[in-house]
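Atom set for the values below is all heavy atoms of this structure, side chains included, hydrogens, waters and symmetry mates excluded.
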Amino acid sequence: MSSPPDDEQALLSRAVLREEVVLFTKKLIVREMKAQKLTYQALADRLAPYGIHDSAPVLTTKIFRGTFSATFLITCLKALDVRWIDLGRLDPTVKGRELRRRREDAEKATRQHYQQKAQREKREQKAMRRRAKLAKMRATRTG
């Protein structure tokens, strides 16, 4: 008789595993679209020859919800010319889920950092332009 898995290897419940698989498949499609710099309209155009005539907004909703069939997923991957899938990214253990969440939190913090940096730079540029404009106005008054 085998021993139960330790806490690090404990498998997720069926419902939580389903959530993880849905998230994995959504990200799989979106990641590939981003890599190819495709819009949902471009994906819709690529799916049409396979008999899927969904509009871009319908595809956006369907992929965002993650409630699509395996047939739809495989057709999308074929339309996106995906040759292989790294299932190593899908870890059905409790620890795997925790690691994914930590990785996503770190990615989110990085994105926020760079967004804030861009906003600061934009404000600084605006202030510099304003100061230059004021200096120019003062120079024309005195000169």
* Find out if a path of hydrophobic residues (ILVMFWY) with successive side-chain heavy-atom gaps under 4.5 Å connects V22 to V58. => no
* Asked: If you take all heavy atoms of L47 and A79, which pair is closest and at what distance?
  -> CD2-CB, 3.8 Å
* **K26 (side chain) donor-acceptor with F64 (main chain) under 3.5 angstrom** => yes
* In terms of heavy-atom contacts, does CZ of R65 have more than 12 from other residues, nucleotides or ligands at under 6.0 Å? -> yes
* Structure fact -> Closest heavy-atom pair, F68 versus I63, reported as atoms and distance to 0.1 Å, is CE2-CA, 3.9 Å
* **Atom pair CG (L59) and OH (Y40), whose distance is rounded to the nearest 0.5 Å** => 8.5 Å
* To do: Could you go through the salt bridge (Lys or Arg N to Asp or Glu O under 4.0 Å) check for D81 and R83 one step at a time?
  => CA-CA 6 Å; D81 201 31; R83 300 282 181 211; 3.0 Å; yes
* **Neighbour count above 12 (heavy atom, 6.0 Å) for R89 CZ** => no
* Asked: Just checking, is any N or O donor in the side chain of E121 or Q125 under 3.5 Å from an acceptor N or O on the other one?
  -> no
* Side-chain donor-acceptor pair present, Q116, R111, cut-off under 3.5 Å -> no
* To do: Any chance you could measure L23, atom CG, to R97, atom CZ, to the nearest 0.5 Å?
  => 9.0 Å
* To do: Among residues two or more places apart or on two chains, list those pairs meeting side-chain hydrogen bond (donor to acceptor under 3.5 Å, both in side chains) that have a residue in residues 50-60.
  => D54-K62
* Structure fact -> Smallest heavy-atom separation, L12 atom then D91 atom, equals CD1-O, 4.4 Å
